[in-house]
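Because only heavy atoms are used, hydrogens play no part in the values below, and waters and symmetry mates are left out as well, while side chains stay in. For ligands, and for the atoms within them, numbers begin at 1 and follow the listed sequence. Bear in mind the structure is a predicted one, so any value in this text is a computation, not a measurement. Residue numbers start at 1 and run along the sequence shown.
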Amino acid sequence: MIKAIKGTRDILPQESAVWNRVEEIAREILSVYGFSEIRTPVFESTELFARGVGEDTDIVAKEMYTFDDRDSRSLTLRPEGTASVVRAYLEHQVHRDPQIWKVYYLGPMFRRERPQKGRFRQFHQLGAEVLGSDHPAIEAEVIELLQLFLDRIGVGETELLVNSIGSSQCRARFSQKLQVALSERVDALCPDCRRRCRSNPLRVLDCKREPCQPAIETLPSILECLDEPCRLHFDQFLGHLKRRDIRFKVVPRLVRGLDYYSRTTFEITSPGLGAQNALVGGGRYDGLAEVLGGRPTHGFGFALGLERVILLCQQGDSPPAADRPQLFIAPLGEPAFDRASLMARDYRRQGIRCFLDFVPRSLKSALRLANKLQSGHVLIVGENELKTGAFPLKRMRDGQQIIVSQEEVVSRLGNGF
Ligand code: AMP
C-alpha cells in the first residue's frame, strides 16, 4: 500500500474543522489590523532562498527540497515565506505606493528536517510582514495582534522572548568579541558550533544542543554592543510592549537562525509543546530587500507554525457546529428518495446543511444515525407525506415534532424549531 511520505500528513475532516476555525480567526484579526492576504508560488528559484535565507543557515545548507527543472533551472519548494513576500514587493514595485505594505500568508512550507512531534517536512505557516516602516511601535502592534490571536484560539500559556541583534555594524563588533570568548571555549562545543565559530559565530548562540549550553550561557551579550540608535530603538520597542501590558523576557542569546534579521527579534514559546516549543518566530529584516537586489526597505514580520498551535487548541470528540447537519432528510422507500433528493437540493440552495440518507433503512435506524451525526432536525419523507404534502419535522434536542409543508421547513429551522 502506498503511504504518505515521512514528515507529511493528512489533515482529516475531524481535524480540518479546527484548522478552518483557526484560519478564520487569523484572517479576521489580521484584517482588523489592516493586513491583506498575499499568495505567492509554492516554488521559487533556488537563488531567492540561498540569498534571502542565507547560505550558511541549516535551512539552505541541509533542508531545502531543491530540484532541477526540465530546462536545468534550479528550483526550490519554499522553506519559508518572507523571501517570497519581499521578492513580490520588489517585483511589483510596491514601494511606489507611499503606504506601508501589510500582508499576510497562510500555506505549506517544506524543510527536510528530522520529523518528530510538532516537526514535519511539509508544515504550514501563518506569516505577516510589514514593509516600509522602521517604527518600533509597529513591532509591538504585530506582537499585540499575535497575542490576541493566540488567546482567541485558546492555546493556553505562552512566553514572549525578545532581543535586539542591532545593526550589521553592532553585530560586527559583537562577532569579534564573541570570537575571542568562543576561542576560549572551543573544546566545550559540538562540531557544528566549532565550524560556526569561524563562519558565523553569532549562530553558536542559536545552538539547541544540550552539551553546548553551559559554554553558551557564559558568552558575552549582544546587548552590550548595541550602538546608540539601536539601543534607543530597542528601549522604545520594550516601552511600547509595556504600555500594552504585554509581558516579555529579554533573552540576549535569541539571535534567530536567519541572516537577514536586524534589531528586534522575538519568539513565542509554549510550555505545552515539549522539545519543539517555538510557536512563533519573527523580527526585523531591514537588510533583506537589498540582499535580493532591491532598494533598501524596512521590514518586520513573523511566522507561526500552524501544526503547533493546533496541537495546543482544545479538540473535542464531537464534530464542530459548522460540520453538523442542520437537517437530516430520511426518505422512506425508493420513490420517496427521488423526491427527497430534490427537496435536499432546494434546501441546500437556501443554505441549509442537509444530510440526505442514501442507504435504505427503517425510520428507527435513520433516527439513530441522525443522532450520531448530531443533526439539529430530521425531516421524514415517506409516500404518505408526499401524497398529503404534510411532513413530520423532528427537533432532535428534545424530540418534539411538528407537521410542516415542504416550503415551511426553512423558516421553521430559522426560528429555532
Ligand atoms: P522559522 O521560519 O524557522 O522562524 O519558524 C517559524 C515557526 O514555524 C516556528 O516557530 C514553528 O512554529 C514553525 N515551524 C518551523 N519549522 C517547522 C517544522 N519543520 N514543522 C512544523 N513547524 C515548524
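For Ile5, the CD1 atom counts as loosely surrounded, since its 6.0 Å shell holds 12 or fewer non-hydrogen atoms of other residues, nucleotides or ligands. For CD of Glu157, the number of neighbouring non-hydrogen atoms (other residues, nucleotides, ligands) closer than 6.0 Å is 12 at most. Under a cut-off of 6.0 angstrom, the local environment of CD in Gln213 is crowded, with over 12 non-hydrogen atoms contributed by other residues, nucleotides or ligands.
In this structure, Glu80 does not count as a contact residue of ligand 1, since none of its heavy atoms falls inside 4.0 Å of the ligand. Ligand 1 has Arg308 within reach: a non-hydrogen atom of the residue lies less than 4.0 Å from it.
Considering backbone and side-chain N/O atoms, Leu304 never comes within less than 3.5 Å of an N/O atom of ligand 1. Residue-to-ligand polar distances keep Phe123 apart from ligand 1: every N/O pair is separated by 3.5 Å or more. On a distance-only criterion, Ile59 and ligand 1 share no N/O pair closer than 3.5 Å. Residue Glu307 places no N or O, backbone or side chain, under 3.5 Å from any N or O of ligand 1. Residue Ala278 places at least one N or O, backbone or side chain, under 3.5 Å from an N or O of ligand 1. Not one N or O of Arg119 is nearer than 3.5 Å to an N or O of ligand 1, by distance alone.
Side-chain contact between Leu393 and Leu327 is present, with heavy atoms from C-beta onward closer than 4.5 Å. Between Arg263 and Glu139 the shortest side-chain heavy-atom distance does not fall below 4.5 Å.
In this structure, Leu304 CG and Leu150 CG are separated by 6.0 Å, a value rounded to the nearest 0.5 Å.
Under a 4.0 Å criterion applied to the non-hydrogen atoms of Gly118, ligand 1 contributes the atoms 20 (N), 21 (C), 22 (N). Ligand-side atoms of ligand 1 in range of Val280: 10 (O), range being under 4.0 angstrom from any heavy atom. Below 4.0 Å from some heavy atom of Phe120 lie the following atoms of ligand 1, by number and element: 18 (C), 19 (N), 20 (N), 21 (C). Atoms of ligand 1 lying under 4.0 Å from at least one heavy atom of Arg111, given by number and element, are 1 (P), 2 (O), 3 (O), 15 (C), 16 (N). The ligand atoms of ligand 1 that sit less than 4.0 angstrom from a heavy atom of Leu279 are 10 (O), 12 (O). Annotation for ligand 1: atoms under 4.0 Å from non-hydrogen atoms of Glu113 are 16 (N), 17 (C), 18 (C), 19 (N).
With Phe174 as the fixed residue, the side chain to side chain contact (heavy atoms under 4.5 Å, CB included) test singles out one of Val255, Leu226, Leu205, Leu223: Leu205.
Neither the backbone nor the side chain of Met109 comes within 4.0 Å of ligand 1, counting heavy atoms alone. Only side-chain heavy atoms of Gln125 come within less than 4.0 Å of ligand 1; its backbone N, CA, C and O stay farther off.
For the residue pair Arg308 / Ser270, no side-chain donor-acceptor distance below 3.5 Å is found, with atom types taken as modelled. Under the 3.5 Å distance criterion, with hydrogens and angles disregarded, no donor-acceptor pair is assigned to the side chains of Gln326 and His377.
In terms of modelled atom types and a separation under 3.5 Å, the side chain of Ser375 and the main chain of Phe328 share a donor-acceptor contact.
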